[in-house]
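The residues of the chain are indexed from 1 along the displayed sequence. Side chains included, hydrogens not; waters and symmetry mates left out as well; all remaining heavy atoms used.
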Amino acid sequence: ILGRGNAHFGKCFRALCCKGPPPARPEYDLVCIGLTGSGKTSLLSKLCSESPDSVVSTTGFSIKAVPFQNAILNVKELGGADNIRKYWSRYYQGSQGVIFVLDSASSEDDLETARNELHSALQHPQLCTLPFLILANHQDKPAARSVQEVKKYFELEPLARGKRWILQPCSLDDMEALKDSFSQLINLLEEKDHEAVRM
């Protein structure tokens, strides 16, 4: 009887202690672009639960590991100043997806510049086949344009037809919506992964 009890105890112990670590979450390397002031750094810092008070505008580039329940996103954020944007393409290599942040409450001039930069990114050889998450930020500001207005102004339907892209409204005030946008991006990244395996 004692022997049987020990065996039973051993089985329970193994079940509790020897399950091993949980399966590793997949990691994806993303590039995050957008003009200075679009809110890239603030959004990424909020997703990483960092204090918004410590946020300073990115002048070169920075890398953040943004954890989600089903994936870890290694986001390379590139500064959006005029003198830096011309170097963006040097940092595209190895990216598996793109986050483009635009200020939906910006001036007409800035919005046009953002549109040109997004068009360049969508057509760039190293990015054109990748999933895009386009965030229309600062929706909490009175001058913010709606997602429909942004979609029309940026000519996304004709330009991005056949590509994988998501256009979502966002602001720092609505973290649930922001997390949901990133969940949709992760779904696109997973789909692309599965397609690559099938090929």
Side-chain angles (χ1 to χ4, degrees), residues 28 30-47 57-58 66 68 73 75-89 91-92 95-192 195:
Y28 297 103
L30 307 179
V31 65
C32 178
I33 53 179
L35 304 193
T36 295
S38 59
K40 303 182 297 296
T41 310
S42 299
L43 290 174
L44 293 173
S45 296
K46 195 85 184 271
L47 285 168
S57 191
T58 303
V66 187
F68 289 90
L73 304 181
V75 182
K76 191 190 298 171
E77 182 206 337
L78 308 182
D82 293 354
N83 60 337
I84 294 172
R85 291 200 301 272
K86 58 187 174 189
Y87 300 113
W88 276 359
S89 57
Y91 298 93
Y92 290 166
S95 300
Q96 294 166 281
V98 182
I99 303 157
F100 189 95
V101 183
L102 63 99
D103 178 1
S104 57
S106 67
S107 68
E108 289 292 330
D109 284 353
D110 280 352
L111 210 61
E112 188 172 348
T113 304
R115 179 175 68 175
N116 293 339
E117 292 295 354
L118 178 58
H119 285 197
S120 295
L122 282 163
Q123 293 168 328
H124 193 278
Q126 286 178 307
L127 304 182
C128 61
T129 61
L130 304 181
F132 272 71
L133 171 59
I134 304 159
L135 294 172
N137 195 16
H138 298 149
Q139 287 291 313
D140 50 330
K141 292 184 179 177
R145 294 152 182 89
S146 70
V147 164
Q148 285 309 317
E149 288 173 303
V150 168
K151 188 176 181 179
K152 190 175 177 184
Y153 183 81
F154 276 69
E155 302 169 323
L156 283 173
E157 285 294 3
L159 186 74
R161 188 174 289 127
K163 299 180 189 293
R164 294 178 175 87
W165 59 275
I166 306 159
L167 170 63
Q168 291 286 90
C170 74
S171 74
L172 284 176
D173 295 344
D174 193 349
M175 285 310 291
E176 285 312 306
L178 184 64
K179 287 177 180 174
D180 181 61
S181 301
F182 274 84
S183 294
Q184 291 181 51
L185 175 62
I186 290 167
N187 288 340
L188 289 183
L189 292 164
E190 287 172 344
E191 279 173 24
K192 195 162 170 55
E195 280 176 17

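In terms of heavy-atom proximity, L127 sits nearest to A121 at CB-O, 3.4 Å. Nearest heavy atoms, V101 versus G39: CG1-C, 4.4 Å. Looking at every heavy atom in both residues, Q139 comes nearest to P169 through CG-CB, 3.6 Å. Between T36 and G80 the shortest heavy-atom distance is OG1-C, 3.1 Å. Shown here for G37 and D103, the closest heavy-atom pair between the two residues is O-OD2, 4.1 Å. Shortest non-hydrogen contact noted between R85 and T113 is NH2-CG2, 3.5 Å.
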Practice problem: Could you give me the CA-CA distance, side-chain angles and deciding distance for K46 and M175, then say whether side chain to side chain contact (heavy atoms under 4.5 Å, CB included) is met? | Solution: CA-CA 8 Å; K46 195 85 184 271; M175 285 310 291; 3.1 Å; yes

Quiz prompt | L188 vs I166, side chain to side chain contact (heavy atoms under 4.5 Å, CB included): CA-CA, chis, key distance, verdict | solution = CA-CA 9 Å; L188 289 183; I166 306 159; 3.5 Å; yes

Practice problem: Under the side chain to side chain contact (heavy atoms under 4.5 Å, CB included) rule, what do I186 and L73 come out as? Steps first, then yes or no, please. | Solution: CA-CA 9 Å; I186 290 167; L73 304 181; 4.1 Å; yes

Quiz item: Between L172 and L43, is a side chain to side chain contact (heavy atoms under 4.5 Å, CB included) present by the stated rule, with each step listed?
Solution: CA-CA 7 Å; L172 284 176; L43 290 174; 3.8 Å; yes

Quiz item: Does the side chain to side chain donor-acceptor pair (under 3.5 Å) test come out yes or no for D180 and Q184, once each step is laid out?
Solution: CA-CA 6 Å; D180 181 61; Q184 291 181 51; 3.2 Å; yes

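For the atom pair CD of E149 and CZ of F154, the computed distance is 12.0 Å after rounding to the nearest 0.5 Å. A distance of 9.0 Å separates CG of L78 from CD1 of I84, quoted to the nearest 0.5 Å. Atom CZ of residue F100 and atom CG of residue L167 lie 11.5 Å apart, to the nearest 0.5 angstrom. Put simply, CG on L156 and CH2 on W165 are 4.5 Å apart, with the number rounded to the nearest 0.5 Å. With rounding to the nearest 0.5 angstrom, the CG atom of L178 is 6.5 Å from the CG atom of L135. Put simply, CD1 on I134 and OG on S181 are 11.5 Å apart, with the number rounded to the nearest 0.5 Å.
R115 is linked by a salt bridge (charged side-chain N to carboxylate O under 4.0 Å, His left out) to nothing, counting only residues two or more places apart in sequence or in another chain. By the ring-ring contact (aromatic ring centres under 6.0 Å, His included) test, H124 is found to be paired with Y92, residues two or more places apart in sequence or in another chain being considered.
A donor-acceptor pair is defined here as one N or O able to donate and one able to accept, closer than 3.5 Å; no such pair exists between the side chain of S171 and the backbone of H138. A side-chain donor-acceptor contact under 3.5 Å links S38 to the backbone of L35. In this structure, the side chain of K40 engages the main chain of G34 through a donor-acceptor pair within 3.5 Å.
With contacts defined as side-chain heavy-atom distances shorter than 4.5 Å, the pair E117/L102 does not qualify. Inter-residue side-chain proximity for I99 and L185 is flagged as met; some heavy-atom pair is nearer than 4.5 Å. In this structure the side chain of L47 never reaches within 4.5 angstrom of the side chain of V75, judged on heavy atoms. For the pair Y91/K76, a side-chain contact is recorded, criterion being any heavy-atom separation below 4.5 Å from C-beta on. Contact of the L30 side chain with the L130 side chain is not registered, since no non-hydrogen atoms from C-beta on lie closer than 4.5 Å.
Between E77 and T41, the side chains place a donor N or O and an acceptor N or O closer than 3.5 Å (distance only, hydrogens not considered).
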